[in-house]
There are 2 protein chains.
Amino acid sequence: MMSDERHCYAFARPSVTTDIAVFTVDNAQLQILLIERKEAPTGWALPGGFLQVGDRRTELAVARGEPPPKQNFDFSLEDCARRELREEAGVSVGALHQLGAFGDANRDVRGRYVTVAYWAFVHKSQHRPKAGSDAKSVRWCQVSTLPGLAFHDHAYIIEQARGSIASQHLDTALFLDLMPQRFTYPEFHRTYQIATHRTIDRSSLHRRVLPLLRDAVIEDARSHLAAPRGAHRPPTMYDKARAVGATAAGAVAARTRS
Amino acid sequence: MMSDERHCYAFARPSVTTDIAVFTVDNAQLQILLIERKEAPTGWALPGGFLQVGDRRTELAVARGEPPPKQNFDFSLEDCARRELREEAGVSVGALHQLGAFGDANRDVRGRYVTVAYWAFVHKSQHRPKAGSDAKSVRWCQVSTLPGLAFHDHAYIIEQARGSIASQHLDTALFLDLMPQRFTYPEFHRTYQIATHRTIDRSSLHRRVLPLLRDAVIEDARSHLAAPRGAHRPPTMYDKARAVGATAAGAVAARTRS
DNA sequence: ACAAAAGTGTTCTTTGTACACCCATGT
DNA sequence: ACATGGGTGTACAAAGAACACTTTTGT
């Protein structure tokens, strides 16, 4: 009902969307969150969707500094990415990293789309992906065996994101986002190697990461329950929320809720 | 006449623009190309403008693979940047580097704008900036003493671009775009230092750059006319068009014209 | 005791740079 | 001769990583 085209402009405009490549490490594999589209073009795709802008009057008011509407309004591109991720896939992320804008005229068969791509790291435990409004389903897919994608530049975007992650002057601290609330260094070492797709000496990485975890040690011996037990020294547990540089996904989720 | 708002959509859409930070080195200063806007908000700004998209029928046809219209159509975001730079400032550049997308709701008082920012290097000799349709004037401004800008995130964008240029993992070859058709290594050395805002040993930079210029030597002794004369060995002249990695602005201009 | 974790010290490589000193080539 | 350009060799510094080895701490 009422899909009237009520927003009219003197010049044609493209649709603006954000797409987000959410990576996680599980089962010794780098995985990415994909959604199965309900509408054409059907198939698998990166989660994402339209930048919600207000009508003329609203936008002018916001541009003048008035408070933005609470509903159906993305103040920033990053807001849009977070919202789409939440609505479409049920996932709230910490740090979002912008990859760039993609806008070739033939990138979407439905018409002219300009998309701003982001990537993020999460740990599965903190998210329960749930297909939202526009998605038939949501799935973690191994990046090594991606299904065919509904938009032909999504594979390229994922490629770019992986390059960004691997070839790096990327801060070690960013990889903390891949960890659960509590984790040990050996776990971090394994995860880091999988995410960057290379091997690195345990001790060398340890030296780089330890400073970040200095204040995140969980002293309580009972907390070690989740750590590997055995006839050996138990690993130190760290609390992601207290690690420097980590963007606690929990905190972000809480902030969003309030 | 007929500024009717003929393009209507079910959902509000932002305007999409590109902005370009064009840098050059002249008079021992890093300079940037700014235009003086004719329309509100008046004042100085980065050259740039609207992404020209077709109407629904046109875009669908292009998305299906049919050839894009010759007129008033930007196939890619980069095409848009080149066109705007040409139309608005009379400048054609070689390599364009995407900085990212900026789309906060309060970035433009006229309404909701999403801009994709690019930066480029040029040499003044190859361009005659000329105020185009939307510009009252065009000017090279020293980045050290920028005027106030009509859009408050343009200063931020310029800042980002300068950071990108200075804090390097930037390929040396890109700086060849700052040179004229023919240049000497000592000239390159000076230019490089100004652009990156640091000093570097003549000999060290020489080693990095020489491989790029191997096949660009101008043998003809008469070509040395433009080189500094004096009671000393004359410098070797190089031809930018034959240097590896340089994107000859002339070639791009020619391609555009055909 | 054993095994995994934690921690330390050393070496190696790479990369970029400075620096010193050569030769080349014009007026 | 001399001033500038071109070129080479060496040394140095920092960063990242490998490697070897020790110590810790539980069963």
Side-chain angles (χ1 to χ4, degrees), chain A residues 165-175 179 182-193 195-239 243, chain B residues 165-175 179 182-193 195-239 243:
Chain A
I165 292 165
S167 87
Q168 220 77 5
H169 354 85
L170 202 52
D171 193 346
T172 317
L174 298 183
F175 292 86
M179 308 309 294
R182 291 172 169 188
F183 62 95
T184 67
Y185 170 70
E187 287 166 358
F188 179 83
H189 180 224
R190 280 189 291 276
T191 302
Y192 182 89
Q193 291 186 114
T196 58
H197 196 65
R198 58 177 183 156
T199 62
I200 180 170
D201 182 70
R202 166 191 66 78
S203 177
S204 301
L205 181 62
H206 194 251
R207 250 188 282 258
R208 278 165 55 197
V209 176
L210 249 205
L212 306 174
L213 303 177
R214 276 278 171 248
D215 303 323
V217 178
I218 298 176
E219 309 283 0
D220 188 353
R222 290 168 303 179
S223 303
H224 285 216
L225 286 178
R229 320 306 303 267
H232 56 75
R233 176 179 180 173
T236 312
M237 290 292 285
Y238 298 101
D239 180 2
Chain B
I165 292 165
S167 90
Q168 299 319 89
H169 347 84
L170 201 53
D171 193 345
T172 316
L174 299 184
F175 292 86
M179 306 310 294
R182 291 172 169 188
F183 63 95
T184 68
Y185 169 70
E187 287 166 356
F188 179 83
H189 180 224
R190 281 188 291 275
T191 302
Y192 181 89
Q193 291 186 114
T196 58
H197 196 65
R198 58 177 185 155
T199 62
I200 180 168
D201 182 70
R202 166 189 66 80
S203 175
S204 302
L205 182 62
H206 194 250
R207 250 188 283 258
R208 278 164 56 196
V209 176
L210 249 204
L212 307 173
L213 303 177
R214 276 278 171 244
D215 302 324
V217 178
I218 298 178
E219 310 282 0
D220 189 351
R222 290 166 303 179
S223 303
H224 284 215
L225 287 179
R229 320 305 302 270
H232 56 77
R233 175 178 181 172
T236 311
M237 290 292 287
Y238 298 101
D239 180 1

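So you know, we letter chains A, B, ... as the sequences are listed, proteins then strands, and number each from 1.
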message = Just to be sure I understand the rule, does A/Thr199 reach a base, reach only the sugar-phosphate, or reach nothing, if contact means heavy atoms closer than 4.0 Å?
response = sugar-phosphate

inquiry  = Once you apply a heavy-atom cut-off of 4.0 Å, does B/Leu205 come out as touching a base, just sugar-phosphate, or nothing?
reply    = nothing

Between [X] and [Y], is any pair of side-chain heavy atoms under 4.5 Å apart?
| X | Y | result |
| --- | --- | --- |
| A/Tyr238 | A/Thr184 | no |
| B/Leu205 | B/Thr172 | yes |
| B/Ser204 | B/Arg208 | no |

Mind calculating the distance between [atom1] ([X]) and [atom2] ([N]) to the nearest angstrom?
| X | N | atom1 | atom2 | result |
| --- | --- | --- | --- | --- |
| A/Glu187 | C/dA4 | CD | C1' | 13 Å |
| A/Leu210 | D/dG16 | CG | P | 16 Å |
| B/His232 | C/dT27 | NE2 | P | 10 Å |
| A/His189 | C/dA6 | NE2 | P | 12 Å |
| A/Arg233 | D/dT25 | CZ | P | 5 Å |
| A/Asp201 | D/dC21 | CG | C1' | 13 Å |

query = Which nucleotide in the set C/dG26, C/dG7, D/dT24 lies at the smallest distance from any side-chain heavy atom of B/Pro234?
reply = C/dG26

When rounded to the nearest 0.5 angstrom, what distance separates [atom1] in [X] from [atom2] in [Y]?
| X | Y | atom1 | atom2 | result |
| --- | --- | --- | --- | --- |
| A/Met237 | A/Glu187 | CE | CD | 6.5 Å |
| A/Asp239 | A/Asp215 | CG | CG | 11.0 Å |
| B/Gln193 | B/Arg202 | CD | CZ | 11.5 Å |

query = Is any side-chain nitrogen or oxygen of B/Thr236 closer than 4.0 Å to OP1 or OP2 of D/dG6?
reply = yes

key: Candidate list A/Phe188, A/Tyr192, A/Phe183, test ring pair (Phe, Tyr, Trp, His ring centres under 6.0 Å), partner A/Phe175, passing option   = A/Tyr192

task = Heavy atoms under 4.0 Å is the rule here; annotate nucleotides 8-16 of chain C 5' to 3' with B where the base is hit, S where only the sugar-phosphate is, and - elsewhere.
result = BBB------

task = Between B/Tyr238 and B/Ala231, name the one whose nearest nucleotide on DNA chain D is closer to the 5' end.
result = B/Ala231

request  = With DNA chain D as reference, determine whether A/Tyr192 or A/Gly230 sits nearer its 5' end, using the nearest nucleotide of each.
outcome  = A/Tyr192

